[in-house]
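First listed ligand is number 1; within each ligand, the first listed atom is number 1.
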Amino acid sequence: MVSSGLTSANTVGCAQLTSVITEASQMFAESTKKDLSLEKISLKAFQGMLVGLKPKVRKFVEESARLCQPSAIHICDGSDREMRHHLNIMQQAGMIEPLPKYNNCWLARTDPGDVARVESKTFMVTKDRRETIPLPKDGAKGLLGNWMSPDDLTKAIQIKISSCMTGRTMYVVPYSMGPVGSPLSKIGVEVTDSPYVVASMRTMTRMGESVLDALGDGDFVKCLHSVGCPLPLKKNLVNNWPCDPERTIVTHVPETKEIISFGSGYGGNSLLGKKCFALRIGSTIAKKEGWLAEHMLILGITNPKGVKKYIAAAFPSACGKTNLAMMTPSLPGYKVECVGDDIAWMKFDEDGILRAINPENGFFGVAPGTSTHTNPVAMKTVLSNTIFTNVAKTSDGGVFWEGLEKEIPNNVTITSWLGETDWSKESGKPAAHPNSRFCTPAGQCPIIDPAWEDPKGVPISAILFGGRRPEGVPLIYEAFNWRHGVMVGAAMRSEATAAAEHKGKVIMHDPFAMRPFFGYNFGHYLQHWLSMEHRTDKPLPQIFHVNWFRKDEKGRFIWPGFGDNVRVLDWILQRVDGNDAGEESAVGILPRPSSLKMDGLENQNIDLDELFRLPKDFWQQEVRDIEKYFTEQVGDDLPNEIAEELKKLDKRIEKL
Ligand code: SAT
Ligand code: MN
């Protein structure tokens with residue numbers, strides 16, 4: 001069975017990497033000395049036509065099956081019927097339960113050990129470490145991604161992936177990131193042993209037969225995912241949720257466009273189209289092809305004069321991207337429409353205009369904090385065809401999470417995400433896990449933008465960076481120019497959230513909101529961003545920094561946020577229009593007094609001076625922290641332009 005051309009793990013050297021999955025399946029066949037052709041694996045069932053697959057996909061499926069040894073294979077067609085079948089399977093297995101209060105909505109409760117992305121176990125695999133991460137200086141621990149050698153990946157795969165699907169069905173999920181057939185879209189095929197992943201991928205991507213047709217015998221991103229619980233089980237499942245948290249590993253090989261993920265069934269660890277493909281592998285493709293794959297929402301905003309502009313915004317996970325993308329403006333005459341809430345792929349068109357598509361097809365949004373006050377549009381979107389994960393449920397068949405206290409009937413009881421019946425606030429524990437999510441089709445969003453599936457993408461006028469900054473950082477400022485804007489993105493920091501395994505509310509550096517998602521060396525990424533200036537003769541989008549999260553000395557937010565953020569967007573539109581609404585400050589361009597529309601907020605006693613105050617000691621410390629971060633983490637890979645911009649900021653702050 002072993003074909004010629006098998007590259008031994010030790011001979012990778014400078015030669016091109018062969019497919020890790022090909023290699024692993026061949027080595028596995030060799031080591032077992034068995035004929036592992038598919039015909040010899042006793043497959044219980046075979047849904048879909050293997051012979052109908054084009055050679056490249058077929059080869060991938062066969063190799064994956066040889067390696068993982070499933071007992072059945074199901075090639076997904078993406079139909080409604082198939083979706084119902086998967087929901088049925090999960091219901092029977094006790095993985096999900098129906099939420100009868102809504103239409104076709106489901107609740108999944110995971111093993112409490114598998115609730116978020118695991119950044120510490122996520123690796124980029126390249127021959128040269130420097131391709132992936134800058135070398136940390138002075139013994140500092142590298143915080144800009146994890147690197148693994150191809151040899152180590154091969155070893156990990158041999159140990160973890162071989163026979164990992166024994167007794168389970170291997171689902172084959174062909175999917176498109178971006179509208180099927182759009183020149184901006186890219187295709188992946190994920191094999192997985194999790195029906196939860198299949199059902200979620202059906203919502204989050206365009207999935208099924210039409211994708212195979214569009215792919216033909218073209219290249220695709222190979223995604224291999226397993227929950228890591230072959231049958232018979234060695235230990236009991238918790239909540240009927242198979243996973244192996246101790247042995248979880250999420251790996252990416254940009255050179256061969258492969259993603260291999262083992263041990264977790266949750267979110268970004270397992271829905272491989274999202275962070276793994278659209279951001280990590282996506283950013284490496286974007287670098288080569290001259291475009292940008294970013295952790296950004298995309299929204300359209302129309303002002304009372306009927307002028308519409310599109311804005312992209314990068315905030316870290318669980319910092320309000322979904323809320324901003326679906327905002328209900330508090331100022332009359334404004335309309336916000338949603339193109340996407342998490343990822344933007346941005347390319348120059350033939351006229352040199354930067355255009356963005358949302359490569360996703362659904363929203364995987366954070367549930368806690370979402371309510372009719374904070375995001376009424378999301379609340380309407382999730383009323384049907386939604387899988388909720390790790391939220392609490394009510395005795396009348398609905399969902400509950402922190403923030404919905406005023407929206408549930410008085411007579412209902414609550415079962416927490418951990419299954420504690422009669423949960424009450426007095427328990428001191430949250431009802432829903434802080435990273436609990438809804439997975440819901442984007443097309444259902446009542447304010448989905450008419451152009452959200454436009455294959456050309458939408459033209460971007462402004463790019464926003466932001467995060468949770470309780471202190472010192474003003475509500476809004478504009479970068480002086482593109483270069484300064486790139487430095488502002490590089491210097492982003494934000495309070496840690498529950499989207500990953502970090503504990504406590506420490507302020508973390510999160511450049512471009514991409515720290516967990518860079519597919520290659522952050523220094524090279526900055527160079528790539530700087531190069532955008534030379535790729536078009538049209539004006540680039542203007543860059544802004546926003547902070548809705550500043551607090552007063554009593555720890556209360558001083559800006560109302562949510563629908564009132566339209567006031568900030570309005571100011572951004574004024575600047576994009578070239579209005580003289582700004583004045584220079586040490587950190588960037590701030591709104592001139594009275595250019596920020598405050599009508600209707602008169603009774604709220606908003607302290608604008610405090611919102612825009614630039615405390616000198618705070619900013620001096622900020623510059624020192626950023627400088628230290630750049631020196632330790634990016635070192636020689638930091639572009640001079642960025643170091644210069646930081647020096648200029650330092651000088652301006654001196655004069656405060
Ligand atoms: O779990 S995900 O990576 O999909 C969500 C997020 O962290 O943004
Ligand atoms: Mn995200």
Side-chain angles (χ1 to χ4, degrees), residues 108 110 114-122 145 175 177 188 190 192 194 196-197 199-201 203-205 223 225 243 245 248 250 252 259 261 263-283 293-299 312-326 338-345 358-370 378 387-391 433-440 442 464-468 492 494-502 508 510-519:
T110 71
D114 189 22
V115 292
R117 280 185 289 101
V118 282
E119 292 177 4
S120 58
K121 298 178 178 193
T122 299
Y175 66 95
M177 297 312 288
E190 176 164 351
T192 174
S194 162
Y196 171 89
V197 167
S200 307
M201 288 292 283
T203 298
M204 295 306 298
T205 71
C223 310
H225 168 256
C243 61
T248 292
V250 182
H252 313 68
I259 301 164
S261 166
S264 165
Y266 196 68
N269 299 331
S270 67
L271 315 180
L272 300 185
K274 199 173 184 40
K275 310 297 182 178
C276 299
F277 180 168
L279 291 179
R280 296 196 192 98
I281 295 287
S283 63
E294 300 299 330
H295 192 204
M296 290 182 183
L297 67 90
I298 309 163
L299 64 82
F315 311 152
S317 302
C319 288
K321 285 196 296 301
T322 310
N323 290 345
L324 186 64
M326 297 182 192
C338 175
V339 177
D341 80 329
D342 197 40
I343 297 172
W345 282 357
N358 166 16
E360 299 192 280
N361 190 46
F363 306 119
F364 188 66
V366 179
T370 311
I387 300 178
F388 296 90
T389 305
N390 288 341
V391 303
H433 186 276
N435 192 39
S436 55
R437 300 269 170 166
F438 50 79
C439 177
T440 194
L464 277 48
F465 296 121
R468 293 175 183 265
M492 269 171 70
S494 189
E495 247 175 23
T497 70
E501 70 267 46
H502 309 291
M508 295 175 67
D510 193 348
F512 292 77
M514 281 286 282
R515 184 192 44 76
F517 311 120
F518 289 122

Inset, instruction - Could you please tell me which protein N, O or S atoms lie under 2.8 Å from the Mn ion (ligand 2)? - result: Lys275 NZ, His295 NE2, Asp342 OD1
Inset, instruction - For Asn269 and Val118, indicate whether the former's side chain and the latter's backbone hold a donor-acceptor pair under 3.5 Å. - result: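 Such a contact is found between Asn269 side chain and Val118 backbone.
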Legend entry - Donor-acceptor contact below 3.5 Å, side chain Lys121 vs main chain Pro245: yes
At less than 4.0 angstrom from any non-hydrogen atom of [X], what atoms of ligand 1 do you find?
{"X": "Lys274", "result": "4 (O)"}
{"X": "Arg437", "result": "5 (C), 6 (C), 7 (O)"}
{"X": "Gly268", "result": "1 (O), 2 (S), 3 (O), 4 (O)"}
{"X": "Ser317", "result": "6 (C), 7 (O), 8 (O)"}
{"X": "Phe364", "result": "1 (O), 4 (O)"}

Shortest non-hydrogen separation from [X] to [Y] and the atoms involved:
{"X": "Pro316", "Y": "Gly467", "value": "CD-CA, 4.1 Å"}
{"X": "Arg280", "Y": "Phe517", "value": "CG-O, 3.3 Å"}
{"X": "Pro434", "Y": "Val366", "value": "O-CG1, 3.7 Å"}

Legend entry - Phe517 N/O under 3.5 Å from ligand 1 N/O: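 No; the residue has no nitrogen or oxygen that sits under 3.5 Å from a nitrogen or oxygen of the ligand.
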Legend entry - Ser436 and Asn390: side chain donor to acceptor below 3.5 Å: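 There is no such pair between these side chains.
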Inset, instruction - Classify the side-chain pair Arg468/Thr497 by whether it contains a donor and acceptor separated by less than 3.5 Å. - result: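 No donor-acceptor contact under 3.5 Å links the two side chains.
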Legend entry - Working for side chain to side chain donor-acceptor pair (under 3.5 Å), residues Tyr196 and Thr110: CA-CA 11 Å; Tyr196 171 89; Thr110 71; over 6 Å; no
Inset, instruction - Please round to the nearest 0.5 Å and tell me the distance separating atom CZ of Phe465 and atom CE of Met492. - result: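 If I round to the nearest 0.5 Å, the distance is 7.0 Å.
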